[in-house]
Q: 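Quick one: the structure is below, and I'll ask about it shortly.
Letters A, B, ... mirror the listed sequences (proteins, then strands); counts begin at 1. These numbers come from the heavy atoms of this one structure, side chains and all, not from hydrogens, waters or symmetry mates.
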There are 2 protein chains.
Amino acid sequence: MDPQPFHDHDHHLCSDAVMSQAEAMLTASGARLTPVRRRVLEILLEQHRAMGAYDVLQRLAAEGFGNQPPVAYRALDFLVEQGLAHRIQRLNAFTACMHPGEAHAPAFLICQGCNTVAEAPAAPVRAALESAAADLGFTVERASVEALGLCPACREAS
Amino acid sequence: MDPQPFHDHDHHLCSDAVMSQAEAMLTASGARLTPVRRRVLEILLEQHRAMGAYDVLQRLAAEGFGNQPPVAYRALDFLVEQGLAHRIQRLNAFTACMHPGEAHAPAFLICQGCNTVAEAPAAPVRAALESAAADLGFTVERASVEALGLCPACREAS
DNA sequence: TCTATGTATGTAATATCATAACACGTCAAG
DNA sequence: CTTGACGTGTTATGATATTACATACATAGA
């Protein structure tokens, strides 16, 4: 999967590609990418980071949208439901999905140096988890896998 | 690892064993198991569930300890540091560690039916995660793996 | 024994994260 | 042209967590 988050790259390629995919997906599914929702997605796409709902809200408010928490939470929840964003439990924050449409139950790598959040391919991780769970008779429905650590750049810098 | 959380068992065997181990570990390390800390551990050990800090606090207050959040958070943080409790990110809640002393970076299995939380052996899961991370040059320091699903009993009942 | 020091606890105040409930507007189907 | 579904705005409140400071308590060193 995509190592880009951790390296210099032309970020427009990321965000533009995701925006197009998002539009296509939502058109196909009939869900509506309203101005607030679109703007929230754009804001999340600005960086490979996780943003708190209140940070997003502040941005929205500054641009003339509503300035009460539900405005942000509703848009964020919508994006999460549509698979366009992920919630990072550990940070109480949200990040744009960089691979919308692709079926994926990602693992998140959170750099403690630069706060970058990347999605890692988690199929083997999930397989191992489901196997461990099955040994106890437990059926996994959803799982969150979040790792804290250092990205290549921050590791080198430290 | 221990499938007990998901089955009928003499729970005193769990909690007594853990309490003894906890005492031994802390005596050895020089850390102090003060009344508040001991009581919090006992409370967590009452069930194979996760408890919110404010639930713990309520219990403490009812027993004559302080009734402000830091009282609970400090004791809980202490137990987590000492490896005697775990924080479940997904639930904003805490659970007693059922295998203190054993080196382990567990995966948590959270039953959506009965709220039981079990620790599953996570060595293979972590290995898979570290491997996926290494492919991106990322070094994992700490990770949380939390699965929602159904335990054997609740699965059968549903 | 006394006192200085570090550690633990108690409390007030506040910060941060999240949701419930209701009002209003828009738009498309009937 | 009305109705109903959906989206947005707003008020209020709930739930989770931390900062800062005061007090007590244990214990090692004078």
Q: Specify the separation, in whole Å, of atom CD of Glu81(A) and atom P of dG7(D).
A: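 Rounded to whole Å, this separation is 10 Å.
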Q: Say you draw a straight line from CD of Glu141(B) to CD1 of Ile110(A); how long is it, rounded to the nearest 0.5 Å?
A: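 Taking CD in Glu141(B) and CD1 in Ile110(A), the distance rounds to 12.0 Å.
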Q: Measure across Leu150(B) and Cys154(B) and return the closest heavy-atom pair with its distance rounded to 0.1 Å.
A: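 Closest approach of Leu150(B) to Cys154(B), heavy atoms only: CD2-CB, 4.1 Å.
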Q: Check nucleotides 18-22 of chain C for protein N or O atoms closer than 3.5 Å to its own N or O atoms and list the pairs.
A:
residue: dA18(C); atom: OP1; partner: Arg87(A); partner atom: NH2; Å: 2.3
residue: dA18(C); atom: OP2; partner: Tyr73(A); partner atom: OH; Å: 3.0
residue: dA18(C); atom: OP2; partner: Arg87(A); partner atom: NH2; Å: 3.4
residue: dA18(C); atom: O5'; partner: Tyr73(A); partner atom: OH; Å: 3.3
residue: dA18(C); atom: N7; partner: Tyr54(A); partner atom: OH; Å: 2.6
residue: dA18(C); atom: N6; partner: Tyr54(A); partner atom: OH; Å: 3.3

Q: Rounded off to whole Å, could you give me the CG-to-P distance for the Leu57(B) and dT16(D) pair?
A: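 Whole-Å distance recorded here is 12 Å.
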Q: Starting at CG of Leu33(B) and ending at C1' of dT9(C), how long is that distance when rounded to a whole Å?
A: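 In whole Å, dT9(C) C1' and Leu33(B) CG are 15 Å from each other.
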Q: What is the distance from CD of Glu63(A) to P of dG9(D), rounded to the nearest Å?
A: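 Spelled out: CD on Glu63(A) to P on dG9(D) is 12 Å.
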Q: What's the shortest heavy-atom distance between Ala122(A) and Ala107(A), and which atoms?
A: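 For Ala122(A) versus Ala107(A), the nearest heavy atoms are CB-N, 3.4 Å.
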Q: Measure from CD on Gln58(A) to C1' on dT16(C) and round the result to the nearest Å.
A: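 Rounding to the nearest Å, CD of Gln58(A) and C1' of dT16(C) are 13 Å apart.
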Q: What is the distance from CG of Leu91(A) to P of dT16(D), rounded to the nearest Å?
A: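 Spelled out: CG on Leu91(A) to P on dT16(D) is 18 Å.
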Q: Centre-to-centre under 6.0 Å for His86(A) and Phe108(A), is that the case here?
A: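 That pair passes the under 6.0 Å test.
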Q: Rounded to the Å, how far apart are Arg32(B) CZ and dA28(D) C1'?
A: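 Rounded to whole Å, this separation is 14 Å.
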Q: What pairs of residues pass the side chain to side chain donor-acceptor pair (under 3.5 Å) test when at least one of them lies in residues 39-51 of chain B, not counting sequence neighbours?
A: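 Every side chain to side chain donor-acceptor pair (under 3.5 Å) pair that includes a residue of residues 39-51 of chain B, provided the two are not neighbours, is His9(B)-His48(B), His11(B)-His48(B), Arg39(B)-Glu42(B), Arg39(B)-Glu63(B), Glu46(B)-Arg59(B), Gln47(B)-Arg49(B).
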Q: Can you tell me the distance, in whole Å, between the CZ atom of Phe65(B) and the P atom of dC25(D)?
A: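 Atom CZ in Phe65(B) sits about 14 Å away from atom P in dC25(D).
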Q: Would you list the pairs meeting side chain to side chain donor-acceptor pair (under 3.5 Å) in which at least one residue belongs to residues 143-153 of chain B, sequence neighbours left out?
A: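 Side chain to side chain donor-acceptor pair (under 3.5 Å) check on residues 143-153 of chain B returns Arg90(A)-Ser144(B).
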